[in-house]
Amino acid sequence: MLNQHVLQTIDVTKEFKMGQVMVHALRGVSLSVNEGEFMGVIGPSGSGKSTLLGLIGGLDTPTSGQVIIDGVDITRMDEVALTRVRNEKIGFVFQFFNLVPTLTALENVELPIQFARNRQFNPTKRAKELLDLFGLKDRMRNRPSQLSGGQQQRVAIARALANNPAIVLADEPTGSLDSESGGVVMQTLRSVQRELGTAVIIVTHDPAIAAQVDRIVSLSDGLVATDHTQEQLVEAYKKTTGELKPVESAEGV
Amino acid sequence: MFSLERLRFYLKHSINDLIVNGRRTLFGLFCISSGVAAIVGLLTLGVMVDDSLTGDLQESNRGDIRITPLFFFDEEEDGDATPPGGNGITPEQFSRYEEWFAEQEGVSVDELCTGSTDLCLTGQLGLEGSLIFYNDTLDLVQIFAVDSQQYPLYGVVETEDGVSLADGIDVDSYPADGPADAFISRNLADKLEIDVGEEFNLLGTSRDFVVRGIVPTRTEGGPENIGAGIFGYVYLDQTVSESITFTDPGEEEEDESVNNFVRIFVRLEDPSRTTELADAFERRFGRTAETFTTEDLREQNEDISTLVTQFNSIMGLLALLIGGIGIVNTMLVVVRRRTNEVAILKTIGLEPGEVSTLFFVESVLMGIIGSVMGIPFGFLIAYVTRGAVGAFIAEDLAFRVAPEPIGIGLVVGTLVTAVFGLLPILSAGQVRPATVLQPQLTHIPRAGIFRSIFALAFIIVALSVVAQGLLNDLLSSEELEDLRTIAQYIIGALGFVMGAMIVAGDLWYSRTRRILPLHIVRWGLLLVGLSVAGFLLGRELPSAFPMLCVFVIAGLLYVLLWIIIWLVGRFFPSFRIPDIKIAMRAMLAAKGRVASTLLALIIGVFTLSLVFMLVTKISDAVESLLEDVAGGNIIVFTLPEELQFGDQDDETPTSIDELQTRLEAGIDGVESYGIVRTYEAELISYTDVDRDQTLNRSAIARELRAEAAFDQDTIDSFLDRINLVDARSVDANLPDIQFNDGRQLGPEDEGQRVIIVPDSPEATELGFSPGDELTYRFINPDKEQRSEELTFTIVGVSMPGNIEGFGNLYYVPLNFSPAGEEIGVDPQTVAAVVNANEDDVEQVARELRQIDNVLVIETRLINDIVNRLLDTFTSLPIVVSIVVLVTGGVVIANSVALAMLERRREIAIMKSVGLQRRRVLSMLLLENGIMGLIGGLIGVGISSAVLLAALIFLFQRELGEAVPLREAFIMMAVCIGITLFAAVLSVWGASSEKPLNVLRYE
Ligand SMILES: Nc1ncnc2c1ncn2[C@@H]1O[C@H](COP(=O)(O)OP(=O)(O)OP(=O)(O)O)[C@@H](O)[C@H]1O
Ligand SMILES: [Mg+2]
């Protein structure tokens, strides 16, 4: 049972100390994500979305509760072991692309493979394949500053996939892009999920994005408020209005 | 390969980063460069000093062996003490020396100094100090009477036109009737305004000499012959002693001693036997003469060059440490601006160690590039300052690019950069990867307390190693046993601290991990191993103690500065001027960097201002001492009648009469004058009024001897010193000195038998105090035909200076006899002390020189010479400390540039809300001006305090106990100037940036 979930969180909490005040960013989140799932996380600003993503990705450790990735509990891991998990099991995509500015697109994608403890791929070959796959064949030698936002984000996705991770985590991946480039990025993520079977978790504010995922988890004040598949949402919406407007329904949660 | 690929990544990434952030990189590199330039430059100067000192030893020594007579014993007189000055080595002794040397080297005496043999002895006659008479003026001069055909045995004495002594002086001119040939020195020619072809006379001869050539002053001179450098000199041929009659002052008969030699120079056939022969010579003739060999000279010079090299190394190291502060600042900014990037690298799989390695590679790269850049600047420093430094050893320094400074500069520069970058590098490894999730927040990476302490301990150990390497000569002698022991404990403790911090880090950061026995073994090994290793290593690192002190002092200063900046930032009134307010806020926001930058500035300012103020203090003291002790700025001596030049008959007034008449008639510019008569007097007895006892001469000696501190020599010299008493006019020109007890003479003392005595250990021991009485026997110069016993009451005990100037410090009123009473002794010499208006001194002196047979000496000229001498000795420390301060300036420029980078956004926003560029600029200047002011106040303040302490404890208040205010203000101004200059330099570009550019890029 555990094994069919690529990710599981059990009653995860996270507290931050801001001077004298304790901020309860997460108050007990339990979630399970299956292999190859295409999931969205929504919620108002400050509800704990990014914090949850950070805990899932091993960027931070929870105050209490457990995070289990691919059947391995990462909660008690030290920094070195966590680094390895991030390197092999997780791919990150951020709102501000976060490419290493001094390296070219190709070098950025090669990097996670070069630093992998047990290497599955030839760095250059794999990087070229991925960039090729995302239509960046002729921009490989360019630095991030010479690429458009959409291109940068696709390089970032390629980098996230370099070591063929089980999960790709994306925090507002389209937040800094116009709708057209955002659309391309979403298509790319979708194809990653479909063709490589990678689970994708997208944190977003954008209703249009939320409408494209298969499952939506909404957070509110550090707790899971709702957890629905797209079909359930559509059903629920139909019952109240009789019209098919999943976009607004997503926002209404 | 795997690791090679990593390295390539680290390198590529670092290089890219350095290039992309060119401006920041450049300033950081400047910090390293300036430190390395300082060390390379100063070491090169050391090498050059060494070159020149160990170069032409034979030439400097004027021979392989130099023989000088021991003046106090005379072989013939069976060890009887004879007064110094007159004797020297007789011609007979000289030939005995010649024979002896010829025997040793297997040469026949006839062959000496001929072309077929290299063995040669040549002497210099004992005509050392004399008076020169030219164009109606008299002056002091030094005479070198040498064998013009032989002298010097190595090198040449050449006129400015390239004529040698042998060619320029015609020996036949000496027995002839006309003037005899001579060479004079450039400084003498300038002083007397005498030129080639003109004639002059020397005191004690009736013979004229003619100038045949002028040699550069530095031909003779240097520390061996200070008189030659000060007064100028004349070269005569030694046949002068056979053909010309010399008389000694005060003696009618011909002075035999002019035939004696004061120096003999030996050139050996086989210079490798120098030391052996010199030793043998001293065994044979050691009672009358001593030797000084090229080997002795080499040792003496090595001491000097070691001193220079060590001083330069210490200062170079200091400059490098200052530069190191700049490196820390740069690396901190590098890391801070790249926290986000570090976080990304960590999210995609770089471990903390790998991130640290990345930054380590970058800092090593910076170290190498910066050092390489610094090396040519170092040579430039050496090239530009070689004149000033050469003056220190009175030699011209030949510029040379030596390999050692390059190597040392590269290694030390890179090492120091890496070491100073350590803390920021470690903090880079600790960036939390989760920060990528909050891009809008600025994160300040921290290394954590354990790593910071570890890094600090490591830095001290590493820098001790660097310092030890640089100062090995200074810090490796056997006497440093104590220092070694202290260092053992220090390094041992540091080793323990490092181990403990690693253990603590392990425990703290991985508290969730189980503690395995393996861990405990590892920790135990770490703690014990590092402590023991440190303890063992410490023996070889005596530098650890001074280094630790430097860190403690710097650390305290840093904390102090931090607090001061906080206080200033918080409480300094802004007068509601927004500029000041923003400037204060900016300082508060970057307290750490402002404090460390100020630290760099303060160390530089401290060094320079301490040296500068001390030098000023010493020059001032010397200058005023001469004038004060003399009581005026011109001193006029009259010659005794038998030595007077020119035609005389009974009608001509004596020179003292004429002098007095002229002075009474009034000379423009003379503010006051006094007549000084010097009597030869013998201390007969001393009456202590308090103890109501009277001691006679032998009782005084006994009393002094009873106190173990006084040996016979000291007692003799004390009694000798008392032998001369000055009688001075009481209305003007009394020495301007301070009194330990009692008072200065005044007009009311006219006709009174009162006396001023200087304080001395002897006087203190005897208890000289006002009210006590001293009885002297005043002796007539014509040998005791008539003498008079007179008793004087002490009215003042003066504080003596450390230089005895003109006149005696024992003095009485000029008319010490009550009106009508006659005493039957004549003074030995009569002089006038004239105090002229500063601007008219030269004019007054010229007028006084027109009186026949007087010697006019301006204290100013002597001061000039003393100052020049002082300058030569102080040029080295001043030049060196300027180099150090410049490094401080570069660190400021760097810091300002870094602040600009960090605040580009702020500046852009200020501009976008309408602030003009000028306003932005002025605000930044204001901020840096405040910083410069704080730095100056503290730097100059500390050096003033140190100076004050030195004046009181080191110089025993002999230089006074006040800090030279003018110089202190100059240094403050320099400090603020440097900060502003550095600020303008780095701010100019930033403030002119288009706001749009900045806001878009950031
Ligand atoms: N490192 C931190 N230190 C202190 N508080 C933090 C930290 N990270 C997050 N928080 C707090 O935790 C709460 C949740 O933050 P989080 O970033 O997860 O929200 P979010 O849902 O991603 O919001 P947004 O939609 O604005 O990105 C907020 O109140 C935030 O202030
Ligand atoms: Mg967020």
Side-chain angles (χ1 to χ4, degrees), chain A residues 14 16 49-55 57-61 75-104 107-117 119 123 143 145 156 159-160 162-163 165 169 171-172 176 203, chain B residues 1-21 334 337-355 357-358 362 429-441 448 505-506 508-514 1000-1002:
Chain A
K14 181 74 185 174
F16 293 105
K49 305 184 293 293
S50 298
T51 306
L52 179 63
L53 209 66
L55 294 179
L59 294 177
D60 218 337
T61 43
T75 326
R76 302 276 168 261
M77 282 184 170
D78 66 13
E79 180 58 29
V80 174
L82 276 179
T83 304
R84 203 166 159 171
V85 170
R86 289 197 296 265
N87 181 258
E88 291 168 4
K89 304 273 188 212
I90 317 266
F92 289 97
V93 178
F94 304 101
Q95 177 180 356
F96 297 103
F97 326 134
N98 281 344
L99 297 175
V100 179
T102 56
L103 300 180
T104 63
E107 288 163 346
N108 262 287
V109 182
E110 284 172 349
L111 206 52
I113 312 172
Q114 281 171 351
F115 280 87
R117 296 324 101 154
R119 203 183 267 193
R143 291 243 181 89
S145 58
R159 188 180 65 185
N163 281 326
L169 302 174
D171 195 354
E172 312 260 11
S176 310
V203 168
Chain B
M1 265 294 294
F2 210 56
S3 57
L4 207 66
E5 188 186 78
R6 290 271 171 92
L7 186 67
R8 253 191 35 220
F9 160 73
Y10 292 141
L11 278 175
K12 186 192 280 171
H13 190 268
S14 302
I15 293 171
N16 282 346
D17 182 62
L18 293 179
I19 293 172
V20 170
N21 300 295
V334 168
R337 285 179 66 81
R338 286 164 66 191
T339 38
N340 199 44
E341 188 185 327
V342 171
I344 304 161
L345 289 173
K346 288 190 136 187
T347 52
I348 59 175
L350 266 73
E351 287 173 13
E354 288 164 336
V355 171
T357 312
L358 177 64
E362 184 160 338
Q430 297 322 113
V431 170
R432 287 175 46 246
T435 58
V436 272
L437 296 170
Q438 297 140 316
Q440 68 282 4
L441 298 178
D506 277 359
W508 184 260
Y509 293 112
S510 24
R511 55 207 139 145
T512 52
R513 231 198 291 176
R514 272 183 304 152
R1000 196 174 58 212
Y1001 278 128
E1002 290 287 302

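These figures come from a predicted structure and were not determined experimentally. Throughout, protein chains are lettered first and strands after them, A, B, ... in sequence-line order, and every chain is numbered starting at 1.
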- Query: Looking only at heavy atoms, what is the nearest atom pair of G349(B) and R117(A), with distance?
  - Reply: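 So the two residues come closest at O-NH2, 2.7 Å.
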- Where is the tightest heavy-atom contact between P433(B) and L59(A), given as atom of each residue plus distance?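 In this case the closest contact between P433(B) and L59(A) is CG-O, 3.4 Å.
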- Task: Take T83(A) and E354(B), measure what side-chain contact (heavy atoms from CB on, under 4.5 Å) needs, and give me the verdict at the end.
- Result: CA-CA 11 Å; T83(A) 304; E354(B) 288 164 336; 5.6 Å; no
- Judged by atom type as modelled, is there a donor-acceptor pair below 3.5 Å linking the side chain of R432(B) to the main-chain atoms of D60(A)?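 Judged by distance alone, no pair lies under 3.5 Å.
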What distance do [X] atom [atom1] and [Y] atom [atom2] have between them, rounded to the nearest 0.5 Å?
X: L103(A); Y: F9(B); atom1: CG; atom2: CZ; value: 5.5 Å
X: L99(A); Y: I348(B); atom1: CG; atom2: CD1; value: 9.0 Å
X: E351(B); Y: N87(A); atom1: CD; atom2: CG; value: 9.0 Å

- Item | Region of L345(B) that comes under 4.5 Å of a non-hydrogen atom in chain A |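 Only the side chain of L345(B) comes within 4.5 Å of chain A.
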- Task: Heavy-atom distances under 4.5 Å only: say whether I344(B) touches chain A with side chain, backbone, both or neither.
- Result: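 It is the side chain, since no backbone atom gets that close.
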- Task: Could you check which of V85(A), D171(A), V80(A) has the highest count of heavy-atom pairs closer than 4.5 Å to chain B?
- Result: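 Looking at each of V85(A), D171(A), V80(A) in turn, V80(A) comes out on top.
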- Side-chain ion pair, E107(A) and R8(B), N-O less than 4.0 Å: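 So E107(A) does not pair with R8(B) through a salt bridge.
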